[in-house]
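Below is one structure, written out as structure tokens, with a few remarks after it.
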Amino acid sequence: MSIFTICLAALAAGSLLALGYAALRSAWIFKQPVENEELKRISGYVADGAMAFLMREYKVLIPFVVIAAVFLAVANNGMLKFQAASFTCGALTSALAGFIGMKVATAANSRTTQAATKGISHALKVSFIGGSVMGMSVVGLAVLGIGMLLAIGIQFYGSGVTELSTVVFPVISGFSLGASSIALFARVGGGIFTKAADVGADLVGKVEAGIPEDDPRNPATIADNVGDNVGDVAGMGADLFESYVGSIVGSMILGIAFAGSDDLKIILALFPLILAAVGILAAFMGIFIVRVKEGQSPSLALNKGTMGAAVLAAIFTFGLSYYFFGNGKFSGFNEYSVFVPAVMGMIAGTLIGILTEYYTGTGTKPVMKIVKACETGPATTLITGMGVGMTSCFPPIIIIGAVMIASNTMTGLYGVGISALGMLMTLGVQLAVDAYGPIADNAGGLAEMSEFPHEVREITDKLDAVGNTTAAIGKGFAIGSAALTAIILFSAFTKSVGLETIDLMNVYALTGVLVGGCLPYLFSSMAMTAVGEAAFSMIEEVRRQFRENPGILKNEVEPDYKKCVDISTSSSLKKMIAPGLLAALTPIAIGFIVGVEMLAGTLIGVTVSGVVLAIFMANSGGAWDNAKKMIEGGVAGGKGSDSHKAAVVGDTVGDPFKDTAGPSLNILIKLMAVVSLVIAPMLKSFWGL
């Protein structure tokens, strides 16, 4: 059986398993009962608002996708014109994954609330299964899209090293670009939406009006719950879909460029696809490990699922490595050459998650420092939180650097690519755990708004507390995977344009490093300013409703929820365009106007600066958030105290850090790298390289 047959069969089986699971579990979610009429009504507002936002966002993106596809079709020569179709396929599958995840998540939230009336095990089951649909949809659609493009490519262009390296893989790289494009707008747009609503709800509702979080009297509370879905379900799903596809495509390109025989090159090029397929199997098995009994910690059950999937993935990886590379099949290359980098990627992802939990988790030393600082006011709260975020940057960078050096020692740049893929192999279950968080958060808000008994809210609060931790870990994991993915995409770009070395004393390369280092700050300023402007509109609207309708706070009149949802939607869609164009057009402008040396320097600068800034923003924001939650739990004076007001200010600053600008930087560095990779053949021809 040829390597191509094995690869395509594995991809077909993996996609069928993932998408079949997603379809069956989606049907199961929608069959779960929602008996409380008030819960049905309020959850309907959330579901309608989320889907309305998503549809309006996709309508805005259609012209961008069409223009980009036309550019690829016109600018490319010969068979590479089909890159436009590949790009469109990547954009459509990414959008479809977001649609499926959003649809199921907004159905699972109310069903989780209802299930909480039967106990924590029932509530966890519904919320986690809702998240698992998103996870398995992402990996299933990704391997299905790449598999179909590979099958078509080898059928029409051929399966030799030359055909794969010059036509098939460059065409497939368009799929990664399509995924990246949708991911950026989903992350930026979703982040602006959710934080505008969150800031407005917190500052006017909790600080000025003194009403609890998720109080139905707050006009912005429905928009806040909608934002959890558009930012943390669709946005995170698109982000990791992009990383997953980018790591696979980048590893394939590095594999075909490996120094070895043609047989080894082809096996190395297709091996990442086979790893992705068995990773789906490991994630599938990990999902069924997640079980919790009454009285047990939900986090223990979730950790068992992710760790179990990782162990299974490591076992499967060793078996595959031995089958393809063992027994001296290739001189100087053995089963450990690929197995060790893959396992190092898995370990690195776990360590980054542990570090993220330490710097942002409830009760940890860094967060307790912020709680103490809240007692002396907002200024010390902000200073201490920023200090925690800055300190947290160093350990993950050391881990990423160690993995890169060790993987490169084992198998060169290809080993670095495999380590990135190893980190993402079990994405199906990792994303399930991450998407569970906003579902649990929404379930708690719906329980509060629907006036469920206190014991139900206690269960949803337990699930939400675990969800906050999984969300922080998910952000750390996303940043780590983005760093490695961007590096392998950059390496693939240098291979494609024939840059063997980059001379940092070259004035163009050095200028590029400086420009690239500045771009994450310019990009973040756009995102932060957009949140501030949208939040201002939201605050004014909530104040107006309270002022003109005093009966709202007396529970005599229902607030105008739709107006607040519309403010967040309109603001986010308008403000997401400029950051998106900055990321997409910068590599094109630099590459064609100045040259590949400056573009290479720019990619180096944006990756280094972007990764560090993303870690700082995500961790400082997460630490401020949990410091506030600890004070609301009764420490340092509790709710309503001066410490609580200072903590709310810190959390308000941290919200766009951790949920808008920080996560979007992941996509900035990956999108610029993949745009450069896609235009590499054009640049090579344009500059006569």
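The structure displayed is predicted, hence computed values, not measured ones. The first residue in the sequence is number 1, and the count goes up from there.
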Roughly how far apart are [X] [atom1] and [Y] [atom2], rounded to 0.5 Å?
X	Y	atom1	atom2	value
Ile398	Leu351	CD1	CG	13.0 Å
Cys7	Leu270	SG	CG	4.5 Å
Ile266	Met252	CD1	CE	12.0 Å
Thr317	Ile274	OG1	CD1	11.5 Å
Glu533	Lys575	CD	NZ	4.0 Å
Leu613	Tyr521	CG	OH	5.0 Å

Do [X] and [Y] come within less than 4.5 Å of each other through their side chains, counting heavy atoms only?
X	Y	result
Val497	Trp687	no
Val66	Thr88	no
Val675	Thr586	no
Leu275	Phe316	no
Ile488	Ile253	no
Ile100	Met134	no
Ser247	Leu484	no
Val143	Tyr244	yes

Would the number of heavy atoms belonging to other residues, nucleotides or ligands and lying under 6.0 Å from [atom1] of [X] be above 12?
X	atom1	answer
Phe82	CZ	no
Lys265	NZ	yes
Lys574	NZ	no
Phe592	CZ	yes
Phe156	CZ	no

Practice prompt. Please say which of Phe324, Tyr323, Phe339 ends up in a ring pair (Phe, Tyr, Trp, His ring centres under 6.0 Å) with Phe318.
Written response: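 Checked Phe324, Tyr323, Phe339 against Phe318; only one passes ring pair (Phe, Tyr, Trp, His ring centres under 6.0 Å): Phe339.
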Exam field: side chain [X] to backbone [Y], donor-acceptor pair closer than 3.5 Å:
X	Y	answer
Thr426	Ala283	no
Gln83	Pro170	yes
Ser15	Ala12	yes
Ser676	Met672	yes
Thr494	Ser491	yes
Thr660	Gly191	yes
Thr411	Ser337	yes
Tyr58	Ala95	yes
Ser176	Ile172	no
Ser261	Leu264	yes

Worksheet item: Hey, mind stepping through Phe616 and Phe394 against ring pair (Phe, Tyr, Trp, His ring centres under 6.0 Å) and telling me if it holds?
Response: CA-CA 10 Å; Phe616 161 69; Phe394 188 69; over 10 Å; no
Item to complete: Step through it carefully: locate the ring centre of Phe87, locate the ring centre of Phe175, and say whether they are under 6.0 Å apart.
Response: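 No; Phe175 has its ring centre 6.0 Å or more from that of Phe87.
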Worksheet entry | Check: Tyr336 ring centre within less than 6.0 Å of Phe325 ring centre |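 Not under 6.0 Å, so no.
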Discussion item. Checking Tyr322 against Asn327: is there a side-chain donor and acceptor pair closer than 3.5 Å?
Written reply: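 Short answer, yes.
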Worksheet item: If you measure only the distance, is there a donor-acceptor pair under 3.5 Å linking the side chains of Lys670 and Ser243?
Response: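 Yes - a donor-acceptor pair under 3.5 Å links their side chains.
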How far apart are the closest heavy atoms of [X] and [Y], and which atoms are they?
X	Y	answer
Ser664	Val188	OG-CG2, 3.5 Å
Leu184	Pro579	CD2-O, 4.2 Å
Thr485	Gly246	CG2-C, 3.8 Å
Ile479	Val611	CG2-O, 4.1 Å
Ala509	Ile502	CB-CG2, 4.2 Å
Asn666	Ala614	OD1-CB, 4.0 Å

Worksheet item: Between Met528 and Phe657, does a side-chain contact (heavy atoms from CB on, under 4.5 Å) hold up when you go through it step by step?
Response: CA-CA 8 Å; Met528 297 282 285; Phe657 268 39; 3.1 Å; yes
Item to complete: Could you please spell out the steps behind the side-chain contact (heavy atoms from CB on, under 4.5 Å) verdict for Val674 and Val245?
Response: CA-CA 11 Å; Val674 78; Val245 170; over 6 Å; no
Worksheet item: Should Leu431 and Phe241 be marked as a side-chain contact (heavy atoms from CB on, under 4.5 Å) after you check the CA-CA gap, both sets of side-chain angles, and the distance that decides it?
Response: CA-CA 10 Å; Leu431 188 51; Phe241 182 97; over 6 Å; no
Practice prompt. With side-chain contact (heavy atoms from CB on, under 4.5 Å) as the test, would you mind laying out the steps for Ser609 and Leu519 before giving the verdict?
Written response: CA-CA 8 Å; Ser609 174; Leu519 283 175; over 6 Å; no
